[in-house]
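Below: one structure, written as structure tokens.
This is a predicted model, so every value here is computed, not measured. When a ligand or atom number is given, it counts from 1 through the structure's own listing order.
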Amino acid sequence: MPDTVVVTREEPIAVVQINRPQVRNALNEQVITEIGEAMRGLDADPAIRCIVLTGDEKAFAAGADIKEAAFVGATPVSMLAQDLTAKWEVIRRVKTPTVAAVSGYALGGGCELAMICDVIVASETAKFGQPEINLGIIPGAGGTQRLTRAAGKWVANELILTGRHITAQEAKDIGLVVHVYPAASWLEDAKALARVIAEKPPVAARLATEAVDMAWSSTLDAGLEFERKAFYLLFATEDKDEGVDAFVSKRKARFKGR
Ligand code: CAA
């Protein structure tokens, strides 16, 4: 089977591109597994400080592959045995900051995959949506939870109940997308953002995204406690001394991830 993702290293960033254009980058087990393997490999490499996850111009990913036998003939028992959730978890556990760069469709599992990333940016051509309702199901890879946390109960319900597609601008208006880039330069613009993030001290970047995720997954008290400990911990890093010294000396900091 040909690889379904293409990894391009442009240190200090890397691009993981979903590569099934004939089916609008629909996500089958192989794609999710290969995205996870690629991202886990990059996560273990200190030379890579930000990962861009993307598709092609027409689609980031049009959701689960709804024509494959694994979907068409699925039963609760076969889905339990397949345990796709464990494969999605590999992607979620990546600690290097991730930027989802969306052009074209990010639907169903595609929208959910973008929402696993730390930042979402989009081409002006992008279309987001959770159309699972049209198939008689609901989002199954985090959509009901993450979209609700991003956009609020009423917006999430409207999108999930109608299954309608929203534009990049509307996705920005509801807080899902951070920047909408021109169609001619969306991927370069996303990579430029990744390079800015990659210049930051890696330990602080990792703890920052972990702390932000805590705001989703825990109580305010537990999140504040995590933030406080992470904040203190960073005072033990060489990068904290480097950042302060660079500021005082009016020079650019060179962070080492220590
Ligand atoms: N699965 C399998 N094949 C898909 C696909 C998908 N999710 N999305 C598109 N394709 C295939 C089409 O069947 C078509 O194949 P053929 O050329 O062999 O006919 C090819 O990709 C191109 O698609 P279209 O001709 O439809 O292209 P378009 O540009 O006119 O429309 C689209 C694109 C709006 C994405 C449309 O294809 C579409 O609505 N796709 C389905 C989207 C969807 O329902 N996603 C949710 C899946 S369920 C899910 O994701 C569950 C979960 O939570 C994990």
Exercise. Should the heavy atoms of other residues, nucleotides or ligands under 6.0 Å from CD of Glu242 be counted, would the total exceed 12?
Worked result: yes
Exercise. Shared ILVMFWY cluster between Ile48 and Leu193, side chains joined below 4.5 angstrom?
Worked result: no
Exercise. Less than 4.0 Å between a side-chain N and a carboxylate O, is that true for Lys200 and Asp239?
Worked result: no
Exercise. Run the salt bridge (charged side-chain N to carboxylate O under 4.0 Å, His left out) check on Arg92 and Glu210 step by step: do they pass?
Worked result: CA-CA 11 Å; Arg92 182 161 93 100; Glu210 271 187 63; over 6 Å; no
For this session: Identify whether Val7 and Val31 are in the same connected component of the hydrophobic contact network (ILVMFWY, side-chain heavy atoms under 4.5 Å).
Result: yes
For this session: Examine Trp88 and Leu107 and state if one hydrophobic cluster contains both, with Ile, Leu, Val, Met, Phe, Trp and Tyr joined whenever side-chain heavy atoms are less than 4.5 Å apart.
Result: no
Problem set entry | Asn19 side chain to Thr4 side chain, donor-acceptor N/O pair below 3.5 angstrom | no
For this session: Check whether any N or O atom of Lys67, backbone or side chain, sits under 3.5 Å from an N or O atom of ligand 1, and answer yes or no.
Result: yes
Seminar exercise, completed: heavy-atom search around atom 22 (C) of ligand 1 in the protein gives Arg24 CZ, 3.7 Å
Problem set entry | Sole candidate of Val15, Ile35, Val94, Thr98 that passes side-chain contact (heavy atoms from CB on, under 4.5 Å) when paired with Leu53 | Ile35
Exercise. Looking at atom 38 (C) of ligand 1, would you say a protein heavy atom lies below 4.0 Å from it?
Worked result: no
Exercise. Which of the numbered atoms in ligand 1 are below 4.0 angstrom from a heavy atom of Glu132?
Worked result: 48 (S), 49 (C), 50 (O), 51 (C), 52 (C), 53 (O)
Seminar exercise, completed: Distance col, row Lys172:NZ vs Ile166:CD1, nearest 0.5 angstrom, shows 13.0 Å
Problem set entry | Backbone or side-chain N or O of Ile138 under 3.5 Å from ligand 1 N or O | no
For this session: Considering only protein heavy atoms, determine whether one is less than 4.0 Å from atom 13 (O) of ligand 1.
Result: yes
For this session: Classify the contact between Leu27 and ligand 1 as side chain, backbone, both or neither, using a heavy-atom distance cut-off of under 4.0 Å.
Result: neither
Problem set entry | Per-residue contact class, Ala26 against ligand 1 - non-hydrogen pairs under 4.0 Å | side chain
Seminar exercise, completed: So for Glu112 against ligand 1, with non-hydrogen atoms under 4.0 Å, the contacting part is side chain
Seminar exercise, completed: At under 4.0 Å between heavy atoms, what of Ala62 touches ligand 1? The answer is both
For this session: Consider every N or O of Gly108 and every N or O of ligand 1, then say whether any pair is closer than 3.5 Å.
Result: no
Problem set entry | atom 27 (O) of ligand 1: any protein heavy atom closer than 4.0 Å | yes
For this session: Mark whether atom 16 (P) of ligand 1 lies under 4.0 angstrom from at least one protein heavy atom.
Result: yes
Problem set entry | For atom 7 (N) of ligand 1, closest protein heavy-atom neighbour | Ala64 O, 2.9 Å
For this session: Calculate, to the nearest 0.5 Å, the distance between atoms CD and CG belonging to Glu89 and Asp83 respectively.
Result: 9.5 Å
Exercise. So is Gly109 polar-close to ligand 1, meaning N/O to N/O under 3.5 Å?
Worked result: yes
Exercise. Nearest to atom 48 (S) of ligand 1, what protein heavy atom do you find, and at what distance?
Worked result: Leu135 CD1, 3.7 Å
Seminar exercise, completed: Here the atoms of ligand 1 under 4.0 Å from any heavy atom belonging to Gly140 are 52 (C), 53 (O)
Exercise. So, is Tyr105 polar-close to ligand 1, with some N/O to N/O distance under 3.5 Å?
Worked result: no
Problem set entry | Minimum-distance protein heavy atom relative to atom 5 (C) of ligand 1 | Val23 O, 3.9 Å
Exercise. Atoms of ligand 1 less than 4.0 Å from Pro139 heavy atoms?
Worked result: 53 (O)
For this session: Kindly work out whether a path of hydrophobic side-chain contacts (I/L/V/M/F/W/Y, heavy atoms less than 4.5 Å apart) joins Val119 to Leu113.
Result: no
For this session: Taking only Lys NZ, Arg NE, NH1 and NH2, and the carboxylate oxygens of Asp or Glu, determine whether Lys191 and Glu10 approach each other closer than 4.0 Å.
Result: yes
For this session: For atom 3 (N) of ligand 1, state whether the nearest protein heavy atom is under 4.0 Å away.
Result: yes
Seminar exercise, completed: heavy-atom search around atom 44 (O) of ligand 1 in the protein gives Pro131 CG, 3.7 Å
For this session: Answer yes or no: is there a side-chain heavy-atom contact under 4.5 Å between Leu147 and Ile160?
Result: yes
Exercise. What are the atoms of ligand 1, with element, lying closer than 4.0 Å to any heavy atom of Asp65?
Worked result: 1 (N), 2 (C)
Exercise. Quick one: nearest non-hydrogen protein atom to atom 41 (C) of ligand 1, plus distance?
Worked result: Ile66 CD1, 3.9 Å
Seminar exercise, completed: shortest atom 20 (C) of ligand 1-to-protein heavy-atom contact is with Gln22 O, 3.4 Å
For this session: Determine the minimum heavy-atom distance between Ala150 and Leu176, stating which atoms define it.
Result: CB-CD1, 4.1 Å
Exercise. In terms of hydrophobic clustering (I, L, V, M, F, W, Y; side-chain heavy atoms under 4.5 Å; direct or indirect links), are Phe247 and Val244 co-clustered?
Worked result: yes
